[in-house]
Amino acid sequence: MTIGFIGLGNMGTPMAQNLIKAGYHLQVYNRTIAKADELEQASITKCNTPAEAAANVQFVVSMLSEDEILKEAVSGENGLLHTFPKGGVHISMSTISPETSQLLSGLHEQAGSHYIAAPVFGRPEAAAAKKLFVCTSGAALHKAAAQPILEALGQSVTDFGEDAGAANVLKIAGNFMIIASLELMAEAFTLAEKNGLDRVAVANFFGSTLFNAPIYQNYGKLIANKQYQPVGFKARLGLKDARLAIKLSQTSHTPMPLAMLAHNRLLTAVAKGGGDNDWVEAFGKGVTDDAGI
Ligand code: NAD
């Protein structure tokens with residue numbers, strides 16, 4: 001089966017590779033089309049616009065960076081709505097606001113096509129290893145149709161209901177939990193280091209006992225070792241996610257003081273020119289710099 005694929009960034013590239021491994025032929029669009037050179041050439045058709053990528057296919061997967069760019073790819077001058085066949089399902093996997101998903105879902109319905117949100121947890125290594133956790137929302141019929149594609153991308157698919165934006169709320173809440181945990185680990189490990197302990201031993205202890213969970217194990221290692229390369233997730237996209245959390249907290253009257261704190265850590269890193277560095281560095285280096293080490 002041929003499907004459209006839009007967005008070959010840090011996440012989109014390994015995801016496209018897994019779809020190819022699963023036997024799909026991809027009509028790919030990326031702003032810089034040279035990124036498609038990393039894919040198996042016999043299994044792709046390079047496209048010049050999102051509209052080209054969406055022509056004559058039943059599914060389009062998008063993994064673009066943020067709300068406005070996704071909106072342009074759907075309803076802009078060269079947007080996929082111009083060509084996407086009636087009955088087609090757009091699987092939208094970026095981390096975006098629930099409002100954007102609701103808006104795009106409405107635009108698709110007007111055009112006779114459909115939209116589901118399917119944001120993911122997991123960094124590019126997890127995407128490459130087909131270990132993403134996929135969260136879905138939208139109409140049951142279209143989620144069911146998309147299931148084989150989602151199963152080719154992740155280790156689990158968990159549903160959060162029919163409201164198109166529900167999975168985006170879940171994803172925003174989850175990324176808030178991650179950034180709060182990054183700040184927490186950076187502060188704890190730096191406290192331990194400044195008081196004579198080996199921060200790697202501290203991370204190993206907590207990651208294997210009280211905090212025995214992937215976030216504390218995987219990010220814990222990076223923060224303990226002050227290892228900020230390679231860049232898996234850019235700080236400016238992390239800042240975008242902190243903003244999404246704060247916006248949602250404001251519209252729903254949910255005070256989130258921790259979100260404000262983590263947002264400021266990311267804002268500082270971006271302001272100092274670190275927007276393209278990994279978000280782990282914003283927290284790890286931010287805290288050690290403050291502590292004078
Ligand atoms: P990335 O910056 O590596 O890639 C972004 C993609 O958007 C690329 O395809 C790029 O060409 C496209 N893009 C950016 N600006 C554009 C513009 N002005 N016009 C057209 N295209 C443009 O980002 P990523 O890390 O792959 O993340 C993609 C999405 O997945 C984001 O919403 C991110 O929050 C989310 N996400 C990332 C991770 C991660 O660990 N990297 C994990 C889970 C979810």
Side-chain angles (χ1 to χ4, degrees), residues 4-18 26 28-39 44 46-53 60-80 91-98 100-101 104 117-136 150 153-156 167-168 170-179 182 214-215 218-219 222 228-245 266 270 275-282:
F5 195 96
I6 298 175
L8 295 173
N10 286 334
M11 293 295 285
T13 300
M15 289 164 66
Q17 274 158 349
N18 279 333
L26 304 183
V28 292
Y29 167 75
N30 193 57
R31 177 177 49 169
T32 316
I33 196 62
K35 285 283 287 176
D37 294 347
E38 293 171 37
L39 302 174
I44 63 165
K46 291 181 187 170
C47 299
N48 293 314
T49 61
E52 260 183 47
V60 168
V61 174
S62 64
M63 197 46 167
L64 293 163
S65 52
E66 54 195 281
D67 294 57
E68 293 311 313
I69 292 159
L70 175 63
K71 284 185 204 168
E72 180 68 23
V74 174
S75 57
E77 200 184 337
N78 297 311
L80 62 91
I91 305 170
S92 169
M93 306 194 72
S94 307
T95 306
I96 52 166
S97 68
T100 294
S101 273
L104 296 181
V120 300
F121 288 101
R123 284 165 65 87
E125 312 87 83
K130 225 182 107 175
K131 288 274 172 63
L132 296 174
F133 297 105
V134 184
C135 304
T136 55
L150 299 176
L153 294 171
Q155 60 177 303
S156 70
N168 303 115
L170 183 278
K171 172 64 188 168
I172 290 167
N175 269 21
F176 159 66
M177 292 174 77
I178 296 173
I179 54 182
L182 296 180
I215 290 296
N218 302 337
Y219 279 121
L222 299 179
Y228 308 129
Q229 295 288 337
V231 175
F233 187 52
K234 295 167 195 154
R236 63 183 165 77
L237 291 182
L239 178 60
K240 177 252 312 171
D241 295 352
R243 282 199 184 112
L244 290 172
L266 288 158
V270 172
D276 284 332
N277 297 344
D278 201 285
W279 67 343
V280 175
E281 181 168 346

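Start at 1 and go down the list; that is how both ligands and their atoms are numbered.
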Inset, instruction - State, to 0.1 Å, how close A36 and K46 come at their nearest heavy-atom pair, and which atoms those are. - result: CB-CE, 4.0 Å
Legend entry - Per-ligand residue contacts, ligand 1, heavy-atom threshold under 4.0 Å: G7, L8, G9, N10, M11, N30, R31, M63, L64, S65, I69, S94, T95, V120, G122, R123, P124, K171, G232, F233, K234, L237, K240, D241
Legend entry - Considering all heavy atoms, the nearest M11-A127 contact: CE-CB, 4.2 Å
Legend entry - Salt-bridge criterion met for D67 and R243 (N-O under 4.0 Å): no
Inset, instruction - Please check if any side-chain donor atom of N78 sits under 3.5 Å from a side-chain acceptor atom of T49, or the reverse. - result: no
Legend entry - K171 and its side-chain contact (heavy atoms from CB on, under 4.5 Å) partner, picked from V120, I96, T95: T95
Inset, instruction - Give a yes or no answer on whether the side chain of K71 reaches the backbone of G76 with a donor-acceptor pair at less than 3.5 Å. - result: no
